[in-house]
*Asks:* 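Below are the structure tokens for one structure; questions will follow.
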There are 2 protein chains.
Amino acid sequence: MANIQQVAEEAGVSVATVSRVLNKQKNVTEKTKALVEEAIKKLNYEPNMLGRNLRNSETRLLLIIIPNISNPFYLEIIKGIESTVISQKYHILLCETDSNPDRENIYFDLVKNRMADGIISMDPAINGESLVNLSQKYAIIQCSEYIIGSDIPYVTIDNEEAAYRAVKHLIKIGHKRIALMNSDERFLYARQRKLGYQRALEENGIAINDNYIFQTNRLGFEYGQQIMKKILNLPDRPTAVFAVSDLLAIGALKEVNSKGLHIPNDIAIVGFDKIDFSNMTHPALTTIAQPMYKMGVIAANMLINKIKGEKVESMILDHELVIRGSTSG
Amino acid sequence: MANIQQVAEEAGVSVATVSRVLNKQKNVTEKTKALVEEAIKKLNYEPNMLGRNLRNSETRLLLIIIPNISNPFYLEIIKGIESTVISQKYHILLCETDSNPDRENIYFDLVKNRMADGIISMDPAINGESLVNLSQKYAIIQCSEYIIGSDIPYVTIDNEEAAYRAVKHLIKIGHKRIALMNSDERFLYARQRKLGYQRALEENGIAINDNYIFQTNRLGFEYGQQIMKKILNLPDRPTAVFAVSDLLAIGALKEVNSKGLHIPNDIAIVGFDKIDFSNMTHPALTTIAQPMYKMGVIAANMLINKIKGEKVESMILDHELVIRGSTSG
DNA sequence: CTGAAAGCGCTAACAT
DNA sequence: ATGTTAGCGCTTTCAG
């Protein structure tokens, strides 16, 4: 495989000139440029990025850290990231931690070893201390989940307010016994959404019943099903459920359907994220729409700017309550 | 940031010795090894992969090319790939083509530019000619979809047989008017599954009705819904539908539900892939289970062996018909 | 506008 | 067992 040296010889110029042509620099006469391009074509030359990477100390690779690739919420964000970075000649390395610290460390090492130019972290289970340390030397952005008080820039939504609106909607249509299907309260978004849930109840004079609050440390249909089983067996059975993820909500919905109960008449359900699936259930799921694609685009731009050394500001984006069949028959 | 040179000085040894310690080579005394490790710790040294990559001409990065990240079918395969390659210190670069040749070319260039050591392609819309050309010089494996007659190794299932079994199941439970919801027939798997559909009908003395055969060039719920609308309007309405993807089947199922028809009494539906969500629909979807995770593991091992220069053989894995509520009440 | 040459950080062949 | 050194392919400074 040809290298820049051979191209230079073939074209009868120096390697510096070839490099200039390759990098589209101006101060090359059309004539020599043509010469070089001819040589490139003749030799089927393809520049070797390994040399360039070492010289420029960059890889134009960005790490995207997520807990689990199976959650469509992240995929939509990733689409936004990918479409943004590709136009700037960056590529992404998808890193699924599975909430496993060992994996996390492997990915952190990738940055320390200069194999990636920056990180967008979306993993709520990430080791905050490590991440903050890393952010002293490397470009890091957080997306969706973030570390309060760190100066790692982030893009997210107002989780507390979104949860508040979701639960308020349930109250407005007459529900009083409302269960919360939460994620692990070690995660910021889980704590924030719980606060929103509590505020909605309190503002409407509904006492908070701890028996109605459930936690799972993983997201997935099966966990929603499991929790719903417990909810259905509760003595004073709730008439509505607010789940902090569409995945949980969809599992819950399946469980209610299987038991032959009617949604929303027997049980109303609200989810969170507005993943594509949420419109395919029977009935369709009422949910909070997050601007996932847009979050991805913004996170990507923030990271690229950060890599360039610019100062970047955190952002909080809008969300929207989407009312569908699972709360209104 | 420290480099190997500085570590060598700090430890009072040569860079070669440091390199030996780094790469865990044997011929270093415990004493010097300790010396080097101390220096590494003291300087917070992290090896720079860019130097190593150039020297070794490898990146330990593998390209995974898929049409669309939103199809859980691919995600399950990717999990298999990732878990396999990570233990061998490889990482994956997820490349979504969106069936766009421009994107495809960007990813091909990544390999030509030595930014990746090999490719696992799962994109049925990929440019076969380019891929075959590329495979002359670079390590390439195909997964699920493959190019007949090329010598690019692949791992897949017997699509024709799988479709045959799916349709035969429908016939066995009494259906005669069976629609096919196919993907684009430019794709091999689509042609193969159509053959299976036709064979099942023919073997059972059912005439093939071209009005019952539909195509979509993209997979997604919405396409399944659209086609189902057409099917429901057919003069001699089919009593069953075989969809070549769970995504299409789920969209179809949603459409039938919305119209107030009963599944499986009015319309039975069979999907393909057994994605997680296929068990969350109402009723759950009868489908063909593909061993996705296993396919990923095998594809990954094939690619790594290919990179090592070993000879690798194509494989055809087993599938399974999973009967659930959408065909049997 | 073009060329010569240094050097990015690492590994490995060769020498001791 | 350890050191010396060349060189992977590229970009860029400096000189002309």
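Within every chain, numbering begins at 1; the chains are lettered A, B, ... in the order of the sequence lines, protein sequences first and strands thereafter.
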*Asks:* How many angstroms lie between CD1 in A/Ile147 and OG in A/Ser135, if you round to the nearest 0.5 Å?
*Replies:*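 Interatomic distance, A/Ile147 CD1 to A/Ser135 OG, rounded to 0.5 Å: 8.0 Å.
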*Asks:* Show every salt bridge (charged side-chain N to carboxylate O under 4.0 Å, His left out) that has at least one partner inside residues 38-54 of chain B, sequence neighbours left out.
*Replies:*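 Only B/Glu10-B/Lys42 qualify under salt bridge (charged side-chain N to carboxylate O under 4.0 Å, His left out).
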*Asks:* Applying side chain to side chain donor-acceptor pair (under 3.5 Å) to A/Lys112 and A/Asn105, what does each step give before you reach the verdict?
*Replies:* CA-CA 10 Å; A/Lys112 290 184 189 159; A/Asn105 281 326; over 6 Å; no
*Asks:* Please report the distance, rounded to the nearest Å, between NZ in B/Lys24 and P in C/dA12.
*Replies:*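 Taking NZ of B/Lys24 and P of C/dA12, I get 15 Å after rounding.
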*Asks:* Heavy-atom count around B/Glu129 CD within 6.0 Å, excluding the residue itself: above 12?
*Replies:*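 Atom CD in B/Glu129 is not crowded, with 12 or fewer foreign heavy atoms closer than 6.0 Å.
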*Asks:* Residues in side chain to side chain donor-acceptor pair (under 3.5 Å) with B/Ser130, at least two apart?
*Replies:*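 Result, side chain to side chain donor-acceptor pair (under 3.5 Å) vs B/Ser130: B/Asn127.
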*Asks:* Supply the atom-to-atom distance B/Ile140 CD1 to B/Ile65 CD1, rounded to the nearest 0.5 angstrom.
*Replies:*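 The CD1 atom of B/Ile65 is 7.5 Å from CD1 of B/Ile140, to the nearest 0.5 Å.
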*Asks:* When you check the phosphate oxygens OP1 and OP2 of C/dC8, does a side-chain N or O of A/Ser57 lie under 4.0 Å from one of them?
*Replies:*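 No.
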*Asks:* With sugar-phosphate meaning primed atoms plus P, OP1 and OP2, does B/Arg114 contact a base, only sugar-phosphate, or nothing at under 4.0 Å between heavy atoms?
*Replies:*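 No contact at all - B/Arg114 keeps every heavy atom at 4.0 Å or more from the nucleic acid.
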*Asks:* Give, ordered by number, those residues of residues 45-55 of chain A having at least one heavy-atom distance below 4.0 Å to an atom of DNA chain C; if nothing qualifies, reply none.
*Replies:*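 By residue number: A/Leu54, A/Arg55.
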*Asks:* Roughly, in whole Å, what's the span from CD in B/Glu58 to P in C/dC10?
*Replies:*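 Nearest whole value for this atom pair: 15 Å.
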*Asks:* Between residues 26-38 of chain B and DNA chain D, which residues have a heavy-atom gap below 4.0 Å?
*Replies:*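 Result for residues 26-38 of chain B: B/Asn27, B/Val28, B/Thr29, B/Thr32, sorted by number.
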*Asks:* Would you compute the distance between atom CG of A/Asn305 and atom NZ of A/Lys311 and round it to the nearest 0.5 angstrom?
*Replies:*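 Interatomic distance, A/Asn305 CG to A/Lys311 NZ, rounded to 0.5 Å: 12.5 Å.
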*Asks:* Could you tell me which non-hydrogen atom of A/Ile92 sits nearest to which non-hydrogen atom of B/Leu93, and how far apart they are?
*Replies:*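 Minimum heavy-atom contact is O-CG, 3.9 Å.
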*Asks:* How long is the gap from CZ on B/Phe187 to CG on B/Leu219, to the nearest 0.5 Å?
*Replies:*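 CG of B/Leu219 is found 8.0 Å from CZ of B/Phe187.
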*Asks:* In plain terms, say whether B/Arg218 and B/Asp98 are close enough for a salt bridge, that is, a side-chain N and a carboxylate O under 4.0 Å apart.
*Replies:*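 Looking at B/Arg218 and B/Asp98, the cut-off is met.
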*Asks:* Closer than 4.0 Å, any side-chain N/O of B/Asn56 to the OP1 or OP2 of C/dC10?
*Replies:*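 It does not, given that no N or O in the side chain of B/Asn56 lies less than 4.0 Å from OP1 or OP2 of C/dC10.
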*Asks:* Rounded to whole Å, how long is the line connecting atom CG of A/Asn113 with atom C1' of C/dG9?
*Replies:*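 Computing the A/Asn113:CG to C/dG9:C1' distance gives 12 Å.
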*Asks:* Would you classify B/Val15 as touching base, sugar-phosphate or nothing, given that sugar-phosphate means primed atoms plus P, OP1 and OP2, and contacts are heavy atoms under 4.0 Å?
*Replies:*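 Answer is base: heavy atoms of B/Val15 come under 4.0 Å of a base.
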*Asks:* Would you tell me whether A/Ser144 and A/Tyr189 have side-chain atoms, one donor and one acceptor, within less than 3.5 Å of each other?
*Replies:*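 No pair is found: no donor N or O on one side chain lies under 3.5 Å from an acceptor on the other.
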*Asks:* Hey, could you give me the CG/CG distance between B/Asn113 and A/Asn48, rounded to the nearest 0.5 Å?
*Replies:*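 It comes to 8.0 Å.
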*Asks:* For the helix from C/dC1-D/dG16 to C/dT16-D/dA1, what angle separates the axis at the start from the axis at the finish, each from five pairs, in steps of 10°?
*Replies:*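 Terminal axis comparison yields 40°.
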*Asks:* Just one of B/Val36, B/Thr32, B/Val28 clears the side-chain contact (heavy atoms from CB on, under 4.5 Å) bar with B/Arg20, so which one?
*Replies:*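 Considering B/Val36, B/Thr32, B/Val28, a side-chain contact (heavy atoms from CB on, under 4.5 Å) with B/Arg20 is found only for B/Val28.
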*Asks:* For the side chain of A/Gln88 and the backbone of A/Val85, is there at least one donor-acceptor N/O pair under 3.5 Å apart?
*Replies:*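 Pair absent, no side-chain N/O of A/Gln88 close to backbone of A/Val85.
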*Asks:* Given atom NZ of A/Lys112 and atom P of C/dG9, what is their separation to the nearest angstrom?
*Replies:*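 The distance from NZ of A/Lys112 to P of C/dG9 comes to 19 Å, rounded to the nearest Å.
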*Asks:* Give the first and the last nucleotide of DNA chain D, reading 5' to 3', that has any atom under 4.0 Å from a heavy atom of chain A.
*Replies:*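 Under 4.0 Å from chain A, the extent on DNA chain D is D/dG9 to D/dT13.
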*Asks:* In terms of the nearest nucleotide of DNA chain D, which residue is placed more toward the 5' end: A/Asn23 or B/Gly12?
*Replies:*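 Result of the comparison: B/Gly12.
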*Asks:* In whole Å, I'd like the distance from the CD atom of A/Gln5 to the P atom of C/dA5.
*Replies:*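 These atoms are roughly 12 Å apart.
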